[in-house]
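Accompanying notes for the structure given below.
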There are 2 protein chains.
Amino acid sequence: MAGRSAAPGRSVTSRVLSLLDVFDSTSPRLSLSEISERSGTPLTTTHRLLAELADWGALVRRADGRYEIGRKLWDLGLLAPVQMELRQIAAPFMLDLHTTIRDTVHLAVREELSALYVERISGRESVPIVSQVGSRLPLHATGVGKVLLAAAPADVVDRALHSLTRQTPRTVVEPGRLQRELADVRRRGYARTSEEMSPGAASVAVPVQVERGGGTVVVAALGVVVPPHRRDLARLAPVLEVTARGIGRELARTREFR
Amino acid sequence: MAGRSAAPGRSVTSRVLSLLDVFDSTSPRLSLSEISERSGTPLTTTHRLLAELADWGALVRRADGRYEIGRKLWDLGLLAPVQMELRQIAAPFMLDLHTTIRDTVHLAVREELSALYVERISGRESVPIVSQVGSRLPLHATGVGKVLLAAAPADVVDRALHSLTRQTPRTVVEPGRLQRELADVRRRGYARTSEEMSPGAASVAVPVQVERGGGTVVVAALGVVVPPHRRDLARLAPVLEVTARGIGRELARTREFR
DNA sequence: GATCCCCTTCCGTCGAGCGGAAGTTCCAGC
DNA sequence: GCTGGAACTTCCGCTCGACGGAAGGGGATC
């Protein structure tokens, strides 16, 4: 009987994380061997660790032969101050906005080179929407992304300009053109896209700003997704701006939201 | 030096979980020594494990000398099929309902002896609301709780009847009286409470049902929270029922939602 | 400068995690 | 019903990485 040795890999923690990491929104349920393969963990070890995670507090759950993220992780996740205050403050404003314009409303923050969607309100959809709460989309192909990128430090913009992936035929992948667009966004105060991320969807987005120190800081972006041929695209921006200002004002009251 | 021995406690997994478990909605940020004390883990070990969790993938985060649940856990939590389908299906209906009645709308499922709130839509609040998404409240003191309890198996009702805690002066803590109320709920098809969980708030709730096998199964409860002296409390029930039926019909289309 | 509190680093010991081998279950193909 | 294969579960001896007390900062309060 072998048992090669103790942890030749890394710490137990990192190992457990690599197991959990294989779950994503396209495959929320996986079998033991799938998890083992994807995470590169030996089958036996995977088995033992998952059993531990399942028994000891429902971090994962067995459901008819497959594993899924458990309720405990859901609970814990909800406690993450990740934008918790931001979301709680923004939600009522977004609700009002949605009632007015009837389209899908998003709130996103920048995380590295992605727009991280932290809140979304959508009724019955007229437009195909790819984003979900928790999903990340590239900064250069979405309305909220462009707003966030326009406000990002120079080094982030640089890196983003070097990784422009084509999402649809209409995605802007020319660094020069994107830079000009970002300048426009800064000047006008809002961003627009049309079928740059997914066909059949256009968007308008504005920054959510908070006064801090001397100047204002962009802490999030607020956007709407609409059918691409709507005439009133430009009219949406002022409405969004009012809402964004409301959120910003409310955020300024909280001690800290980052 | 010392180093008593290897893990004299339990598995690393359980140990890590006990660290994460000390976070709750009232204290989402804790210092090292607080976590150590609350979890009963030696200070040094706590320190090492937290460092690992923080370095190796942002499961926790250091923020000015305190620890908080990290973004990674938020991500993972969102993948939990815990009611994911239920929430996604119910959300648009709840939104419509909220637009109509303008009060806070809740969706809850029963988890053991608690009502677990899985979704909530609230605008600017006229009423103090204690529940949040992810929070658990006792079954006997809330509208959604009574609906869920009325539909629960006999042994659950029994256990619930033996643990009636008083939340406000108006909480029903007499087993007999609660049983009569549950019978009313079953007969009428909706539940009402008035200041039984928190002063200044009343609620109306109805079951969300799905046909399965021969009969119907209550899979969730839909409720509204309103000021206690509103006259139209009884009028709300039919509106809720329409929404609940819509959700139930949509749920029936999905292969599985548990 | 002394006391207290909280955090961080160090390091010798030893038992808990490791994972190959073997056993079990389940199903498809013949 | 038998056989081959794939997926899951149990077993268990070896070893090395986790354990945590001691000691060393750092900052506040008296």
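Chain letters run A, B, ... following the sequence lines, proteins first, then strands; residues in each count from 1.
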Exercise for review: Determine, for A/Tyr67 and A/Arg61, whether the Lys NZ or Arg CZ falls below 6.0 Å from the six-membered ring centre while staying within 45 degrees of the axis.
Suggested key: no
Check your understanding: With a 4.5 Å heavy-atom cut-off, do B/Val16 and A/Val12 have their side chains touching?
Key ->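 A side-chain contact is absent here, since even the closest heavy-atom pair is not under 4.5 Å.
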Can you identify which nucleotide, out of [options], has its nearest atom closest to the [X] side chain?
X       : options               : result
B/Thr44 : D/dC8, D/dA22, C/dC7  : D/dA22
B/Arg15 : C/dC7, C/dG19, D/dG20 : D/dG20
A/Thr45 : C/dG19, D/dG21, D/dT9 : C/dG19
B/Val12 : C/dC18, C/dT9, D/dA18 : D/dA18

Practice item. Might you confirm whether atom CD of B/Gln88 has over 12 heavy atoms from other residues, nucleotides or ligands at distances under 6.0 Å? Key: yes
Whole Å only: how far is the [atom1] atom of [X] from the [atom2] atom of [N]?
X       : N      : atom1 : atom2 : value
A/Leu43 : C/dA22 : CG    : P     : 16 Å
B/Leu53 : D/dA18 : CG    : P     : 13 Å
A/Arg48 : D/dC12 : CZ    : C1'   : 12 Å
B/His47 : D/dA18 : NE2   : P     : 15 Å
A/Ile35 : D/dT9  : CD1   : P     : 11 Å
A/Leu19 : C/dG17 : CG    : C1'   : 14 Å
B/Leu50 : C/dC6  : CG    : C1'   : 14 Å
B/Arg38 : C/dC6  : CZ    : P     : 14 Å

Practice item. Under 4.0 Å between any heavy atoms, over every strand shown, what does B/Ser33 touch: base, sugar-phosphate, or nothing? Just pick one. Key: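 Sugar-phosphate, backbone atoms only, no base.
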Review point. Base, sugar-phosphate alone, or nothing: which one does A/Arg62 contact when heavy atoms must sit under 4.0 Å apart?
Key: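 Sugar-phosphate contact only - A/Arg62 comes under 4.0 Å of backbone atoms but never of a base.
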Review point. Side chain of A/Ser36, backbone of A/Thr41: donor and acceptor closer than 3.5 Å?
Key: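 Checking the backbone N and O of A/Thr41 against the side chain of A/Ser36, a donor-acceptor pair under 3.5 Å is found.
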Practice item. Identify whether the distance between the nearest side-chain nitrogen and carboxylate oxygen of A/Asp75 and A/Arg71 falls below 4.0 Å. Key: no
